[in-house]
Every structure is written in C-alpha cells, then in structure tokens.
Enquirer: 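Let me give you the structure first, and then I'll get to my questions.
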Amino acid sequence: MAKAAQKSVSVTQVRVAFECPRLFYLAARFGGRTLFGSGAGVGIAFHQLADACAHELRLTRLPKTALLLTEPSQLAQQLQQHLYRRVFFPYLQKVASTPAQVATVQPLWQAMQRLVQQWAELILSNRRFCQPEEVIAKTLLAEELKVQHEFTLPDGERQLVQGRFDSLLYDFALHRLCVVEYKTYIAPDPSAQLVQVALYGYLLHQQLGVPIDSAVYSVLPDWQGTVYAWEQLAESLHQLLPAKLQQMRAWLGWESPQPEPPPMTAYPQLCDICPQRQTCQSFFDLDADSGFEPGFEPELPQADGLPAAPGAIADSPRSSQAPSQAPSQTSSQVPSQAPSRQPAARLPKPSAPVESLAQQLIETLDSFGLTTDYQGAAVGPAFVRMKLKPALGVRVSSIMRLADDLRVQLGLSQSPLIAPQTGYVSVDLPRPDRQTAAFADYIEVSRHAEAIPNIAIGVDLNDQLIEADLSDPNTCHFLVGGTTGSGKSEFLRSQLLSLLTRHAPDRLKIALVDPKRVTFPEFEQSPYLIEPIVKDSDGAVALMTRLVADMEDRYQRFERSRCSDIAQYNRQTHQPLPRIVCIFDEYADFMADKTIRQTLEYGIKRLGAMARAAGIHLIIATQRPDASVVTPLIRANLPGRVALRTASEADSAIILGGKQTAAVQLLGKGDLLFLNAGQIQRLQSLFATATIISSRLR
C-alpha cells in the first residue's frame, strides 16, 4: 500500500532529492543520515559559532573608531579580536576538556575569520548609507530564520515546504536582501546546494514580497563565497520547483516490488560516499537497473559564456573569491607548439585545455592591437603560466596595463599577474580546478644529525619543492606577510613541520609565539619546544630577551673553541648545540604598547644582525604589514621575504621591497611570492593537515 504523501517537505529533503532520489526515499521512509562524506559534527559547531558571533556583533556597541576604518582587512581584524575575546575564547575553554572537539578548534576559528572578512567588506560598503553605530545591525539582520510556503503542484495538489536558513544580510548598494547558507564540506553536487539556498530565498520572498538573492558560503576546507541574483533564479530554478515536488511525492508513494522505483543518482561518484550505501544495495534490486538515471536535471543558471561541468553550477558574475570557470572552446587554432612541460603525477592536468585558454588570451590581446606569439605554458597547482612573445613594436608595458581588462574579458576571479621574463612575457591565469600541494607528497621523514637546515617554502611550476637554507645569509631570517584567507597560518605550520621532519629534538629547538592561540595547537606538547607556546606580550618580551642572551652565550663558546659558527663548533664538540627557530605569528598584535614595541624591535635587530652564525633564526609573520608595524629597522634585519596575498599594494611593497606590489593580486590559500637574493618566485605553499602533523610529530 502506497504511503500517504508527507504533509510537509523540508528544504534539506529537496536538496537530497536532487543529489540522489533513492537516498531521499530511504531517509524519508526509515530515517538515517543524508550528508555525503563527513563534516556533520564540524558543521553543527560552526553554525553555532557563527550564530553567536553575529548575535554578539549586533548587540555590542563597538568603538566608533573601529567602524570608521576604510580597509576591510583592518575592520575584519578589529571584529576578529573582539569576537575572539567575547565568543571564541569562552568556547575554547568549554571544549578544552573534550579531545574530540579540540581537534576542530583551529579549522573552526580559521573559517570564522574568513566569514568575518566577508562581513567586514559588506559592512564597509553599507556604512555609506547609514550611521556607523547602526551599520552592523542593519547589515547582519538575523540568523536561523524559519520560512515556509505551500506550493500548488502541476496536478493541482498542494505541498507545504519549510526550512530554516543560516543567515540574512542586507546590501544597501543593491537594495537587496540575501539569504546565506554556510557549508563546511566539499559539495559532491554543487547544483544541489544552489537548489537549497535558492529555495530558501523563494520561501522568504513569498513572505516578504520582495526579491531575495541567495548565497552559499563554503567556509571549510577552503573559503568560496558565491552569490546568485534573484533574477537569475526566478527565470530558471524557481519555475521548476513545483514539478520537482510532484516528482518527489511520486517517489515516496513507491512500494517494493512495484516497477519504476526512485531512480539512481545522476552522479555515480556519490555512491562511494553514500551514508546509506549498504541499505540502498539491499533494499533496491540493483541488478534490475540498466544504469544511472538522470531523474530530474534542471537547466541551472550559468554566468554568461561560462560552461558548467556536469552536475556543477557556474559562479554568477557576483561570486566572491570563487575560482573562475574555464573559457569556452573557440574555433581558432592555437599555434602548434606544445606546453613547455607536462604536470607531474602529483598535480593533475587542468580540466580545461591549456590551448583553449591560450587561444582566448591571444585573441583578447589581439583585439587591443597587441600581437603576441604563444611560447608554451607551465601548469602550477594554483595557476597556469602562459608564455607570450610580443611582436616587434609591441611594448611589454602595454600588455602589463591590461590586467584588469583581461580579468573582465576572460571571466577571471582575480586580475592575472603579468611580468617580463627572459625572452617572453608571463601571464598567470588562475586554474579553474586548483590543486593542493600536500605536504606528505613532497617531504618524507628523515632525521639526521648533520641535516642541512632547509625550510620548505613552496612548490614551483616544475612541481619541485623550493626550500631555503637557514645558514644562508639571504634566507637566515624571514618576514612573512599575508591577509586573512591568504594561507599564512598553513604556510607557517608547513614550514615548522618541514624542520621537525628532518631534525631530531636534540639538534633543533623551536620557540613559538601565538597570540591568537589557534595557529600551533598540535605542537603544544612537542619535545622540540624550548618553552611552552608564548601567548601574551610579557611572554614575548621574555622570550626575545632569552634568545639574545643565548646568542651571546654561544658566541662566547665559539670564541673559547676558536670556531666561527655553529656548524664548525658542533663538529668539534661532544655536546653539540641545537639550532633554534623562533616563529613569531601576528607580530602586529604586540605593537600597541610602546615599551613592548621597543624591546621587541631591539631583539629583532640584535638577532637579525648576528644570530645566523649562532644558529638562531627568526620568522616574523603578520596580517598587517603596514609601515607602522613592519618598520625599516625590522625589514633591514629580515632578509628572507615571503608575501602571501596582501590587502593592499602598499603592504606588498613593504614585504617585498621597492615597487613590488604584485602580492595584492595573488589567489590566496598559499599562493605566494618568495624573494631570495633579489629574485622573486611564485610558489604554492605546502598544506599539512592536522592528521599529517600528528603523525610526523610521533
């Protein structure tokens, strides 16, 4: 006997029905999990944290000076500090006794920082339209709102749909409300996420009677925010919902062994990660299925000229920090020369043909009257480097000035980096299928007493790991800068792990300064630490004083032994000295107090000028590398430079020196510029998961 139609259907059920009709059927009939893969526990924790942070900001009167800042990164920094004190730190203390929850702390706070950065950008935009003290409450309108609507189906029946979305924002510039859904996992079917958030927007529209935009903020494992305009969805997806609801009702009415059961998913790869795979295999007669049926595949909206992959949805023109889609194929032929290298096995080829991308680039430049010859391409984890030879009479500067035009014409998420090279001009275009340079693929555990003090920087275009020798005068100390979302914390963690992987605890000691308390949680109990991780200004001053004293003591030993440096001393003694690497995260947090600032600058000056031969090395990192924080005195004593994505061209120039402003155009998530002996390389930093770090520290 057929089961009666459900009185109401949730928005989540509609999303599951788009992903897999059979999973929708099984969950509706028998219950059970419906989330493909993992991430439910983290998702619940993040949603609770995001709700608490939004609630805190709406109710708290922040200093007016904070709300009058002009840079989103500066406002984000203020909001993050406030939320860390009022919301996150109490949460941290609450879960400290629960090991299973402690493991999620760092990714949760990193995800929250990315979300706050997004809020800060919208708050600053809205501030032009209302008073500073009102702007947060009028921007972050609400969270966890319940909506519902009764649809009329094509057969005349009625179906109630209800749900609860994550957040509601208001954009004064567009005069538009926006429903937001947070996601803490990689979507197996992005189009289903779009259906979910679009349906929330439609339900709210039925209550308020105004157009509602929809947005998906994927906060983990990497940030990707995508906004869909009401007009896009109203012309396509909204019109298809009644038919889909009627189809779902028909599936729920099926009983075994009737013919025509709910169809299999249109995405076979989902079966491998299905939470009810065994139940599905035993309940449905799989042998009777001729194959995977499409079920119901709506014609989802796409950005103009950007083809969507099967089962995926292209980003709208208003997407925020999302990867650009590959340009469409053209009928013109690219010059026959092949790319200069094939990607190594660790980095899969881009899904879009390089030749097609090169053809569109050449044609776009030609439309501006700039003739170029294609000299091949190199494929990195995050971008494709096109090599172009300008024709005689074409100035390199005229190509470099077109970065913003190329971003528009090619539909890129970031303006390309364009630079003169030996014999060609390089144009770096973002990969639509960006890859991760996994730490385990490049560095093996190999601890030796006489290991060269190399520290990992990143992977180059030849898929080779680039390292810096800490005993080299050009890379003995580092200045690292990058804004929120640039991947600075992951970069520091991979650098640290690359050292610990190769050196025994008696030959290497580390000192960590972490005022935010979430960058180095896995290293808290490491035998390499010379003292517990420093988390406040008093501890930072004491550590710097100790390092200067250690340096002076070592030079006295060298003098008595007639040695010039630590390497020579260790070869002659039966009690070798360990190298000491001090990683100082968020240096700017200690600059407010004048006395502390002077003490730290004095220590950096002394160590930067003399500590290399003594085997003591500094890595100073900051989100805000402005002139008031990274003074000329500090820059002069930190020769190694790494710039991840910066908030401004001025910040880029402070890190890299001179007029090097390109860091503002980097892609984030570990995309970096490495300055070594006057030469700049663009690299992708390694990514070490918490599991890899734990295994390497054993």
Enquirer: Look at the side chain of E121 and the backbone N and O of P72, then say whether any donor-acceptor pair between them is shorter than 3.5 Å.
Expert: no
Enquirer: What residues form a side chain to side chain donor-acceptor pair (under 3.5 Å) with Q162, not counting sequence neighbours?
Expert: S8
Enquirer: Less than 4.5 Å apart, any side-chain heavy atom of D514 and any of F523?
Expert: no
Enquirer: Grab the two heavy atoms, one from Y84 and one from K516, that are nearest each other, plus how far apart they are.
Expert: OH-O, 2.7 Å
Enquirer: Which residue in the set L644, L673, T646 passes side-chain contact (heavy atoms from CB on, under 4.5 Å) when paired with S652?
Expert: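 Only one of L644, L673, T646 forms a side-chain contact (heavy atoms from CB on, under 4.5 Å) with S652, namely T646.
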Enquirer: Measure the shortest side-chain to side-chain distance between L600 and M591 over non-hydrogen atoms and say whether it is less than 4.5 angstrom.
Expert: yes
Enquirer: Show, in sequence, the C-alpha distance, side-chain angles and deciding distance for K138 and N126, and conclude whether the side-chain contact (heavy atoms from CB on, under 4.5 Å) test is met.
Expert: CA-CA 9 Å; K138 291 186 176 181; N126 285 349; over 6 Å; no
Enquirer: Report the residues that fulfil side chain to side chain donor-acceptor pair (under 3.5 Å) with D51, sequence neighbours left out, ordered by chain and then residue number.
Expert: none
Enquirer: Does the side chain of S648 pick up a donor-acceptor pair with the side chain of E71 at under 3.5 Å?
Expert: no
Enquirer: Using the side-chain contact (heavy atoms from CB on, under 4.5 Å) rule, take I510 and F520 through it: C-alpha gap first, then chi angles, then the decisive distance, then the call.
Expert: CA-CA 12 Å; I510 58 174; F520 306 111; over 6 Å; no
Enquirer: Verify whether one side chain among Q598 and Y602 offers a donor that lies under 3.5 Å from an acceptor in the other.
Expert: no
Enquirer: Are the charged groups of E586 and K488 less than 4.0 angstrom apart, N to O?
Expert: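 So E586 pairs with K488 through a salt bridge.
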Enquirer: Would a 4.5 Å heavy-atom cut-off, applied to side chains only, mark I457 and Q495 as touching?
Expert: yes
Enquirer: Check each of L492, V480, V518, V513 against D585 using the side-chain contact (heavy atoms from CB on, under 4.5 Å) test, and report the only one that passes.
Expert: L492
Enquirer: Please name the pair of heavy atoms, one in S498 and one in A456, separated by the smallest distance, quoted to 0.1 Å.
Expert: OG-N, 3.1 Å
Enquirer: To the closest 0.5 Å, what do you measure between SG (C53) and CZ (R58)?
Expert: 11.0 Å
Enquirer: Please report the shortest heavy-atom distance between V87 and A52, naming the atom on each side.
Expert: CG1-CB, 3.8 Å
Enquirer: What is the minimum heavy-atom distance between R641 and L638, and which atoms define it?
Expert: NE-O, 2.8 Å
Enquirer: State, with a plain yes or no, whether a side-chain heavy atom of D671 is found less than 4.5 Å away from one of R645.
Expert: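 In short, these two side chains do not touch, never coming nearer than 4.5 Å.
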Enquirer: Return the minimal non-hydrogen interatomic distance between H82 and L57, and the atom names on each side.
Expert: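 Residues H82 and L57, closest heavy atoms: CD2-CD2, 4.2 Å.
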Enquirer: Tell me the closest heavy-atom pair linking D171 and A173, and the distance in Å.
Expert: OD1-N, 3.0 Å
Enquirer: Between the main-chain N or O of Y182 and the side-chain N or O of D166, is there a donor-acceptor pair closer than 3.5 Å?
Expert: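 Between the backbone of Y182 and the side chain of D166 there is a qualifying donor-acceptor contact (under 3.5 Å).
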